[in-house]
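Accompanying notes for the structure given below.
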2 protein chains.
Amino acid sequence: MTIYDIAKTCGVSIATVSRVLNGSAKVRAATRDKVLAAMEEQKYTPNPFARGLGLDSMKTVGILCTDISDAFFAKAVSLVEPNLRSRGFDVILGCTGNDPADKKKYLHLFLERHVDAIILIGSSFGEIFDHSHMVPATGKVPIFIINCNVKFPNVYCVVCDEAGGFCETAQLLAKGGYKHILYLYDRLTYSGKQKLKGLHEGLKKSKLEANPQLEIMVERTMSDAKNVVDKLLAEKKPFDAIIASEDILAIGAQKALVAAGLSMPVIGCNNSILASCSTPALTSLDNRLEALCPATVNVLLQVLEGKGKMTPSVTTFEPYLCYRDSFKKTE
Amino acid sequence: MTIYDIAKTCGVSIATVSRVLNGSAKVRAATRDKVLAAMEEQKYTPNPFARGLGLDSMKTVGILCTDISDAFFAKAVSLVEPNLRSRGFDVILGCTGNDPADKKKYLHLFLERHVDAIILIGSSFGEIFDHSHMVPATGKVPIFIINCNVKFPNVYCVVCDEAGGFCETAQLLAKGGYKHILYLYDRLTYSGKQKLKGLHEGLKKSKLEANPQLEIMVERTMSDAKNVVDKLLAEKKPFDAIIASEDILAIGAQKALVAAGLSMPVIGCNNSILASCSTPALTSLDNRLEALCPATVNVLLQVLEGKGKMTPSVTTFEPYLCYRDSFKKTE
DNA sequence: GTGAAAGCGCTAACAT
DNA sequence: ATGTTAGCGCTTTCAC
């Protein structure tokens, strides 16, 4: 079933069929209806490969994340995919893992496939751009990064001001009288650095000094966070509140506190579904995926429409603290 | 940069270039090396649309789930995508939501795109097949369903024996002296029915009667499960153990118990990351995604290699109970 | 408003 | 072992 079949049954040329297919105005109404009817009846659908060959596009965008089983990335994809779909784009997904070489490999796979655009979710993709010569393909296809800020031609960033969020959070704790904040984090990606920077700023503004002994890098697992806090507790290291760069770490910390029969403010980040599952429910800094994702799609559409020069290269949103039981709002 | 350019710089025909591209044996080593070198130097990559047009395939499989932000589906995708990728397939993802009409729409979008195969994750996709005339396209492209069992030409199912798992779980509780099991579930999909059936079997084998008053349908949210259990507790409904069809419901139930200062066995299902985040950590029936997903990919590859007649239409795995704090193993 | 024909870049059958 | 050529199904320019 091709454009030729339709043309034949309608007694018109394939050019005409192609025109109605593409909604071209230059077709007499009667002709159009006839063609449309034939398509309907024969259940014709255009061959996407043929169209792709001619137009050099199949209207697809590639989405990359390190691990879709991570709640944060999964949520982002769940916000982006239906949105793009409703705009007529297909989404091809890649889970790269953490190896930079693999990230680049996926990027090139997407480019070889002639996707229309690429979305990178998570600031760990910043490392791809660390050495510009490693990204030869940049420029061909616009790239959109969610939650990372890099300056590069034809890449657009949509980020949350996590530095600001962590700064305010630290001040909030300081104001509540907590002077020894334990900070747990997993990686110093762009986002990771922002958080740490914000934390330090907040402490400074509160006339507190950052204590390197209380800034601890752990694996991105609940169990490792718990073990670390268990140990700190056993060593009687003095801290009176906990902030974590990820909910999953905060939950591990929380578990250690519960096991020790202790209670102190614990604040996570991402405001993922994990936060509400924790007991006590976790207060968490919400980095606004619900805003970042639609914004990313909007930016993407603008760029593809050729309005790249009118499009901001960085779009920033403000986070907010979602209060739950692990740190209650004070007036 | 096309096959023609390479041919020209090498002084050979495009057929020869195509042959080395496809690893055909009938090329002299010297020629092949020359061509390969030219490709390397000019950074040539074949146009996937042109190839797709000729072969009617771009080596893509479509994956559908209702909601990728759900931990279960996300985990499944994270297990399937890298596997398919390593076999040279691209994955296009669709999040359908729960409306059957949307599910069908996505299915047709994939078919129009000429994917090589389709994977449906989750038993709620069984409903698509309820009325055969709704699936006109079936037969064209093989369909693989994870965790659902439907009989249909050219669809292959990979399932976990959840009925068996729930049966044994119920017996286990009965043996432990728990006679009034509260069962929380969200939907009666294929999987949902299996679970309920297994529960009833387990009760019967333990000489216990199923109590419809203790089989309660709730929304698939932690908060709804918690509210329901809160209410049951307030009404002093007698139950001494809880099983839930999903971890997230078990966690809600658990929260209600904790809030009431009570403790009793709670068993979830899926053994998702949520289970370990809960406090107390949730004992959960693991439905073996780590086995189902690779198995699905294997079945898919077999079918695409034309060995469909040698491929089982249903592949079944056994679940196992992952013990944590909410129900301890008894000897 | 409609048609004829070239072209998109590849694969594969056929010829040499 | 290598070259020639006819598709694959669409879009688009150029005539009419």
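All chains are named by letter (A, B, ...) in the order of the sequence lines, taking the proteins before the strands, and each is independently numbered beginning at 1. Please read these numbers as outputs of a predicted model, since none were measured by experiment.
- Screening residues 14-70 of chain A for ring pair (Phe, Tyr, Trp, His ring centres under 6.0 Å) gives A/Phe49-B/His114 as the qualifying pairs, with residues at least two apart or on separate chains.
- Between B/Lys26 atom NZ and D/dG3 atom P the separation is 15 Å, expressed in whole Å.
- With sequence neighbours excluded, the residues satisfying side chain to side chain donor-acceptor pair (under 3.5 Å) with A/Lys103 are A/Ser124, A/Glu127.
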Show the distances under 3.5 angstrom between N or O atoms of the protein and N or O atoms of nucleotides 4-9 of chain C.
residue, atom, partner, partner atom, Å
C/dG9, N2, B/Ala50, O, 3.4

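- Every residue meeting the side chain to side chain donor-acceptor pair (under 3.5 Å) condition with A/Thr311, not counting sequence neighbours, appears here in chain and number order: A/Gln302.
- Within the structure, the salt bridge (charged side-chain N to carboxylate O under 4.0 Å, His left out) test picks out the following pairs touching residues 51-74 of chain A (sequence neighbours left out): A/Asp70-A/Arg220.
- Listed pair A/Thr31 / C/dT2 meets the phosphate criterion, a side-chain N or O lying under 4.0 Å from OP1 or OP2.
- When the side-chain nitrogen and oxygen atoms of A/Thr16 are compared with OP1 and OP2 of C/dT2, none of them lie within a distance under 4.0 Å.
- At the heavy-atom level, A/Asp56 lies nowhere under 4.0 Å from the strands shown.
- Comparing the axis of the opening five pairs of the helix from C/dG1-D/dC16 to C/dT16-D/dA1 with that of the closing five pairs yields an angle of 40°, rounded to 10°.
- The backbone N or O of B/Ser69 lies less than 3.5 Å from no partner atom in the side chain of A/Ser78, so there is not a single donor-acceptor pair.
- Computed from coordinates, the A/Asn22 CG to D/dT12 C1' distance equals 10 Å when rounded to whole Å.
- The closest donor-acceptor contact from the side chain of B/Asp116 to the backbone of B/Thr60 lies under 3.5 Å.
- A/Ile6 places its CD1 atom 16 Å from the P atom of C/dT2, with the value rounded to the nearest Å.
- Judged by distance alone, the side chain of A/Asn83 and the main-chain N or O of A/Val80 form no donor-acceptor pair under 3.5 Å.
- Under a 3.5 Å cut-off, the side chain of B/Tyr106 and the backbone N or O of B/Cys95 do form a donor-acceptor pair.
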